Amino acid sequence: EEWLEPAPVPAPVRIEANPNPFGTQTSLRLANPRGSETALEVYDAAGNLVRTVQLERGRATLDGRGLSEGIYFAQVEGRESPVTKLVVCR
């Protein structure tokens, strides 16, 4: 009887934000990137796209000026990926 090892499942891409909550800006970093990610999309709590932030080597800075205080979500552009909750505090 032959035993087949299951194929390894890659860890999902995660977005880390520091600081979070934040006031004027936060640094975003991809954990477990695939290498093809070019931007992050930021949505408000109602699901409206409010910003697209370009990635450079898996990192970006989100400028919170112009965003209302509240909860937002970031996701890798054009991909079904886990979302990260961002909190804007003033």
Side-chain angles (χ1 to χ4, degrees):
E1 184 173 315
E2 186 177 340
W3 175 257
L4 297 176
E5 289 288 326
V9 177
V13 174
R14 276 192 352 263
I15 303 167
E16 298 174 347
N18 188 27
N20 190 18
F22 68 99
T24 55
Q25 72 178 25
T26 186
S27 296
L28 303 171
R29 182 181 81 84
L30 292 184
N32 308 318
R34 302 285 179 268
S36 59
E37 301 87 352
T38 59
L40 299 176
E41 296 173 329
V42 179
Y43 296 88
D44 63 17
N48 301 305
L49 178 65
V50 295
R51 298 270 166 86
T52 300
V53 183
Q54 297 303 310
L55 289 165
E56 292 183 27
R57 295 186 304 277
R59 297 180 182 268
T61 299
L62 174 61
D63 184 348
R65 292 176 294 186
L67 294 177
S68 300
E69 185 174 59
I71 296 174
Y72 295 83
F73 299 92
Q75 184 174 24
V76 175
E77 181 182 47
R79 177 181 293 187
E80 292 292 323
S81 68
V83 297
T84 295
K85 183 169 89 171
L86 307 171
V87 180
V88 177
C89 295
R90 300 281 184 237

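The residues of the chain are indexed from 1 along the displayed sequence. Just so it is clear, the values below take in all heavy atoms, side chains as well, and ignore hydrogens, waters and symmetry mates. Predicted, not measured: the structure shown is a model, and the values here were computed from it.
Considering every non-hydrogen atom in both Val53 and Ala60, the closest pair reads CG1-CB, 3.4 Å. Residue Gln25 comes nearest to Asp63 through the heavy atom pair CB-CA, 4.3 Å, listed as atom of the first residue, atom of the second, then distance. The two residues Val50 and Leu67 have their closest heavy-atom pair at CG2-CD2, 4.1 Å.
Gln54 is linked by a side chain to side chain donor-acceptor pair (under 3.5 Å) to nothing, counting only residues two or more places apart in sequence or in another chain. A search for side-chain contact (heavy atoms from CB on, under 4.5 Å) contacts involving Pro19 returns Phe22, Thr26, not counting sequence neighbours. Every residue two or more places apart in sequence or in another chain was checked for a salt bridge (charged side-chain N to carboxylate O under 4.0 Å, His left out) with Arg59, and none qualifies.
In this structure, CD on Glu56 lies 9.0 Å from OG1 on Thr61, to the nearest 0.5 angstrom. Distance check: Leu55 CG to Leu28 CG gives 8.0 Å after rounding to the nearest 0.5 Å. Ile15 contributes atom CD1, which lies 11.0 Å from atom CG of Asn20 (distance to the nearest 0.5 angstrom).
Side-chain atoms of Tyr72 and Val88, non-hydrogen and from C-beta on, do get closer than 4.5 Å to each other.
At least one donor-acceptor pair under 3.5 Å links the side chain of Asn32 to the backbone N or O of Pro12. Between the side chain of Arg14 and the backbone N or O of Pro33, no donor-acceptor pair lies under 3.5 Å.
Residue pairs that meet the salt bridge (charged side-chain N to carboxylate O under 4.0 Å, His left out) test with at least one member in residues 21-38, sequence neighbours left out, are Glu16-Arg29, Glu37-Arg79.
Note on Val83: it does not cluster hydrophobically with Val76, by side-chain heavy-atom contacts below 4.5 Å among ILVMFWY residues.
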Donor-acceptor contacts, no H, no angles, side chain residues 40-49, under 3.5 Å, sequence neighbours left out:
| unit_1 | atom_1 | unit_2 | atom_2 | d |
| --- | --- | --- | --- | --- |
| Glu41 | OE1 | Tyr43 | OH | 2.6 |
| Asp44 | OD1 | Ala46 | N | 3.0 |
| Asp44 | OD1 | Gly47 | N | 3.1 |
| Asp44 | OD1 | Asn48 | N | 2.8 |
| Asp44 | OD1 | Asn48 | ND2 | 3.4 |
| Asp44 | OD2 | Asn48 | ND2 | 3.2 |

